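Values in this document were obtained by computation on a predicted structure and should not be read as measured data. Atoms within each ligand, like the ligands themselves, are counted from 1 in listed order. What's counted below: heavy atoms across the whole structure, side chains too, no hydrogens, waters or symmetry copies.
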Amino acid sequence: MTSLPVLPLSTGAPPRRPARPPRHLADLDLAGRQALVAELGEPAFRAKQLSTHYFGRLVRDPAQMTDLPAAARERLAASLMPTLLTAVREMACDDGATRKALWRLHDGALVESVLMGYQDRVTVCISSQAGCGMACPFCATGQAGLTRNLSTAEIVDQAVYLAGVAASGVVTGAPPRLSHVVFMGMGEPLANYARVIEAIRRLCAPSPEGLGLSQRHITVSTVGLVPAMRRLAEEELSVTLALSLHAPDDELRDELVPVNQRWKVSEVLDAAWDYAARTGRRVSIEYAMIRDVNDQPWRADLLGRLLAGRLAHVNLIPLNPTPGSRWDASPKPVEREFVRRLRAAGVSTTVRDTRGREIDGACGQLAASETGSADGR
Ligand code: SAH
C-alpha cells in the first residue's frame, strides 16, 4: 500500500498579504490632500500649510509647524506625513560631495538613494522598487530579485529627504539646492509605471504642491520595456530617457539585459528614437564597460553605426564589479579606444564619473551588503 502525502492542516486564516505603505501627502495632488484634510475635520487650507512644510521648507517635524494649532499638529502629521523611510545607514565619501542613504521601509524592505554634489548642481539618485525583477547579471540589485514596488510617496520622499540634507549645506562644494533627480537607484522605473509618473509629477509640480524641479532635470533610466517607453513618450513630459543598452548586438544583450529576449536591440532603439522625436530630448544611451565582454573595438564600431545621426548621447559607465562577480571594468586604454571610435562615428560620448565607490555607491550594493551581514555572510 502506498502512503498518501500528509497535507498540512489549514489554519483557516486567509493568506497574509503585506500591508500597503502608509498613505502620505506626497501620494496625492493638492486637491486630494485638501479632500483628505476635510475628511479629518480640518479646514482645507491646512493641506497647503502641511505641503509648504514638506515640499517648500523640507520640514517634517510637527514641532516645527508652528503655524498649525498645537492640538492638530501631531494628528495631521500622523495622517498626512507618516514616516516612510527610516535611515539604517548614512555615509559620506568623495570628501563630502557624495552621500549615500540606506532606508528601511515600513515592512522591512531596504532601498537606497545617493546624493551627489557638483559645482553647479545637486543630483539625487533614487530607487523606484525594492529590489528588481530584471535580472541583469552584472547588477547587484538584479541578483536579489524583486521585493515590491515603491509607493509614489516612498519614491518622492527619498528626494525630499535628501533635498533637506542638501539644504543643510553639508554637500561639499555644491549649491544647497537639489536640482536633478535620476531614477538610477534600485528597480526598473518603467515596471512601476503609474507610481513613477505620479512621483515625477510631484517632483516637478511647483511648491507647495510639489518640489518644483524642472522636468528637464529628471532622468528615467530603463532596461528597455518598449510598450512603457512608448507610453512615456505620450505623457507630454520633457524628462530625459536613459536606455541601458550595454551591448549593440542581440546575442550579447540577451545575456547582459535579459529583457532583450523579449524586445530586441532594434525595437528598443526604435522606441528610443520615437521618444526623442516626440519630446525633442536627446536620449542617453547607458553602456557599462565590462572587460573582454562588451568592450571590443568592433562593438564600438557597431554601436557607432546604430547611433550615428541620432539624437543620442552615450554614457559609458566603468563597471562597478559586484561581490563575487566574474566580471571587471575595462582597462582605461580599452575604454579610451571605445570612446575614440564612437566619437569618430560622430556620436557624442562621455565616461561617467564613478562617485561613491568606497561606500558601495553603485547599483544596490549597499542593500546587498546589509542583507549579507544580516544573514551572517
Ligand atoms: N533599471 C534601470 C535603472 C537602474 S540601474 C536600468 O537598468 O536602466 C542604473 C544604471 O546602472 C543602469 O544603466 C544599469 O545597467 C547600471 N548598472 C547596474 N549595475 C551596474 C554595475 N555593477 N556597474 C555599472 N553600472 C551598473
Side-chain angles (χ1 to χ4, degrees), residues 100 111-114 116 123-147 149-150 155 158 180-193 195-196 199-200 218-226 228-229 232 239-247 252-253 255-260 262-263 268 271-272 275 283-291 293-295 303 312-330 335 350-357 359-369:
K100 174 138 187 169
V111 296
E112 51 193 71
S113 329
V114 187
M116 291 162 288
T123 300
V124 61
C125 172
I126 59 175
S127 298
S128 55
Q129 300 181 310
C132 184
M134 299 297 132
C136 303
F138 58 89
C139 171
T141 310
Q143 305 317 295
L146 177 65
T147 302
N149 282 328
L150 301 192
I155 298 169
Q158 297 168 57
H180 290 67
V181 172
V182 297
F183 284 85
M184 293 189 184
M186 300 175 88
E188 167 50 42
L190 296 188
N192 185 15
Y193 189 87
R195 296 178 193 91
V196 165
I200 294 169
I218 309 281
T219 299
V220 175
S221 180
T222 181
V223 288
L225 305 182
V226 166
M229 289 166 74
L232 184 65
V239 298
T240 299
L241 181 68
L243 171 63
S244 298
L245 196 64
H246 304 314
L252 179 57
R253 193 166 191 268
E255 182 189 350
L256 294 183
V257 185
V259 79
N260 194 71
R262 177 76 180 75
W263 293 290
V268 90
Y275 186 87
V283 174
S284 178
I285 303 291
E286 311 290 298
Y287 199 104
M289 292 291 284
I290 314 176
R291 178 180 205 147
V293 173
N294 66 351
D295 60 357
L303 184 62
H313 173 87
V314 175
N315 220 327
L316 296 179
I317 317 168
L319 182 82
N320 195 0
T322 57
S325 154
R326 59 199 151 106
W327 285 323
D328 207 350
S330 303
E335 182 184 283
T350 48
V351 179
R352 163 125 24 111
D353 70 346
T354 49
R355 285 295 184 90
R357 278 286 162 100
I359 50 170
D360 291 337
C363 322
Q365 296 187 8
L366 191 60
S369 68

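For the atom pair Gln129 CD and Thr141 OG1, the distance stands at 10.0 Å (nearest 0.5 Å). Between atom OG1 of residue Thr350 and atom CG of residue Asn315 there is a gap of 4.5 Å, rounded to the nearest 0.5 Å. How far OG1 of Thr222 is from OH of Tyr275: 11.5 Å, rounded to the nearest 0.5 Å. Between the NE2 atom of His180 and the CE atom of Met116 there is a distance of 11.0 Å, given to the nearest 0.5 Å.
Distances below 4.0 Å separate heavy atoms of Gly187 from the following atoms of ligand 1: 1 (N), 2 (C), 3 (C), 4 (C). Close approach of ligand 1 to His246 is summarised as follows: ligand atoms under 4.0 Å from at least one heavy atom of the residue are 13 (O), 14 (C), 15 (O).
Proximity of Thr222 to ligand 1, defined as any heavy-atom pair under 4.0 Å, is confined to the backbone N, CA, C and O atoms. In Phe183, the part holding a heavy atom less than 4.0 Å from any atom of ligand 1 is the backbone.
When only interatomic distances are considered, the shortest N/O to N/O separation between Glu286 and ligand 1 does not fall below 3.5 Å. At a 3.5 angstrom cut-off on N or O pairs, Ala140 does not count as close to ligand 1. Considering both main-chain and side-chain atoms, Ser244 comes within under 3.5 Å of ligand 1 through a nitrogen or oxygen pair.
In this structure, Met186 has no heavy atom closer than 4.0 Å to ligand 1. The closest approach between Met134 and ligand 1 stays at or above 4.0 Å for every heavy atom of the residue.
Relative ring orientation between His246 and Phe138 is described as perpendicular, the plane-to-plane angle rising above 60° on a 0-90° scale split at 30° and 60°.
Distances from atom 10 (C) of ligand 1 to the heavy atoms of Cys136, Gly185, Ser221 put Ser221 nearest.
For the residue pair Ser128 / Glu188, no side-chain donor-acceptor distance below 3.5 Å is found, with atom types taken as modelled.
Judged as a ring-ring contact (aromatic ring centres under 6.0 Å, His included), and not counting sequence neighbours, the contacts of Tyr287 are Phe338.
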